[in-house]
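Positions are given from 1, in the same order as the sequence printed here.
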Amino acid sequence: MYKQIKQILFQLQPEDAHHFVTRNLKNYASFPGVGKLLDKFYQYNHPNLEREVFGIKFKNPIGLAAGFDKNAEYIEELSHFGFGFIEIGTVTPKPQPGNDTPRMFRLVEDEAIINRMGFNNKGVDYAVKKIKALPHRERYIIGGNIGKNKLTPNEDAVDDYIKCFNALFDYVNYFVVNVSSPNTPGLRDLQEKEPLLYILKYLQQYNHQNAQPKPILLKIAPDLTDSQLDDIIDIVVESKIAGVIATNTTISREGLTSDPEIIKEAGGVSGKPLKNRSTEVIRYLSEKSNKAFPIIGVGGIHCTEDAIEKLEAGASLLQVYTGFIYEGPSIVKNICKGLIEN
């Protein structure tokens, strides 16, 4: 059935399709009984799927990556599709419109997406308001993906991360420091060892002022060299953060077969072309660190085999986004069933 729906949705511009889906999901899920019906179709629970990672118990290892629900507006509705956790954001201290449209492009032949959204969001205070309004919010495991505003200079970036951290602290289960998006000018410069270690240590100081500190993870780019990945390992160990999310989107265009004019568009590529590289990064970090910290694997996960590949490479948890768009609302259920059967 989703194949027919996808054909219709793919006639729309990608961002228009996203808003159409989320708006209608919000409307339909508000009708009595619809939530339970969605649960019946798309939830799959099994004791062997449960995981405990960085002190949090997950009902299954498949989460929704940041970017789909930037403003924490659809957590309740998205939870009906079986996700073990949902990551909101990237949020910034102040609202910002992001880059000019169009800023998202489908590479259908490659089952991929190019995006240059640019951290478009309504600001951290809006996200907090939406999470606070969630009924039974203790049911959900929510990650807070935080970034800096475009106009904030890199030397002041730590202030933006602290503002988001403090605002969200009581309302999310874990944090993700995003310094790896290719769509905010200069942001990836913060992945260098010295500035990154400064930001993470500063956040950890604030974190440990609380009676129960929250796990902080670092989201990294797939385009890092082995030497830079070695630095990431050192940074994680020295700052004592909880783990790494590997990986964000790639600026590489290697192996793409879709329309050359679309391939030329600026932005990061997600989906199947990212699968092998993200797995390589997971394996490298896991082996070189001797499994010193948990890794959330993301990039090109469309089926159970993709999930198993990343788990075997060293991931403790997984996230999907582009696979959710191409495979449809059954993706989590199908992967979870496959993990149990295998």
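- Hydrophobic cluster membership of Val269, counting Ile, Leu, Val, Met, Phe, Trp and Tyr whose side-chain heavy atoms lie under 4.5 Å apart directly or via other members: Phe105, Leu107, Ile114, Leu256, Ile262, Ile263.
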Per-pair distances, 0.1 Å, donor-acceptor, side chain in residues 32-42, under 3.5 Å, sequence neighbours excluded:
from: Asp39; atom 1: OD1; to: Gln43; atom 2: NE2; distance (Å): 3.3
from: Asp39; atom 1: OD1; to: His80; atom 2: ND1; distance (Å): 2.8

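- Within 6.0 Å of CG on Asp100 lie no more than 12 heavy atoms contributed by other residues, nucleotides or ligands.
- In this structure, the side chain to side chain contact (heavy atoms under 4.5 Å, CB included) partners of Gln204, at least two apart in sequence or on a different chain, are Asn207, His208, Ile216, Lys240, Ile241.
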When the side chains of residues 296-307 are checked against the rest of the protein, which donor-acceptor pairs come out under 3.5 Å, sequence neighbours left out?
from: His302; atom 1: ND1; to: Glu327; atom 2: OE2; distance (Å): 3.1
from: Thr304; atom 1: OG1; to: Asn334; atom 2: O; distance (Å): 3.3
from: Asp306; atom 1: OD2; to: His302; atom 2: N; distance (Å): 2.9
from: Asp306; atom 1: OD2; to: Cys303; atom 2: N; distance (Å): 3.3

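- When the side chain to side chain contact (heavy atoms under 4.5 Å, CB included) test is applied to Gln11, no partner is found at least two apart in sequence or on another chain.
- Qualifying ring pair (Phe, Tyr, Trp, His ring centres under 6.0 Å) partners for Phe68, counting only residues two or more places apart in sequence or in other chains: His18, Tyr321, Phe324.
- Taking 4.0 Å as the cut-off between side-chain N and carboxylate O, Lys264 and Glu261 count as a salt-bridged pair.
- Between the side chain of Asn149 and the backbone N or O of Thr92, no donor-acceptor pair lies under 3.5 Å.
- With a 6.0 Å radius and a threshold of 12 heavy atoms from other residues, nucleotides or ligands, Lys333 has its NZ atom above the threshold.
- For Arg137 and Tyr171, the positive end is not near the middle of the six-membered ring at less than 6.0 Å and at most 45° from its axis.
- Between Glu312 and Arg283 there is no salt bridge, since no side-chain N of the basic residue sits under 4.0 Å from a carboxylate O of the acidic one.
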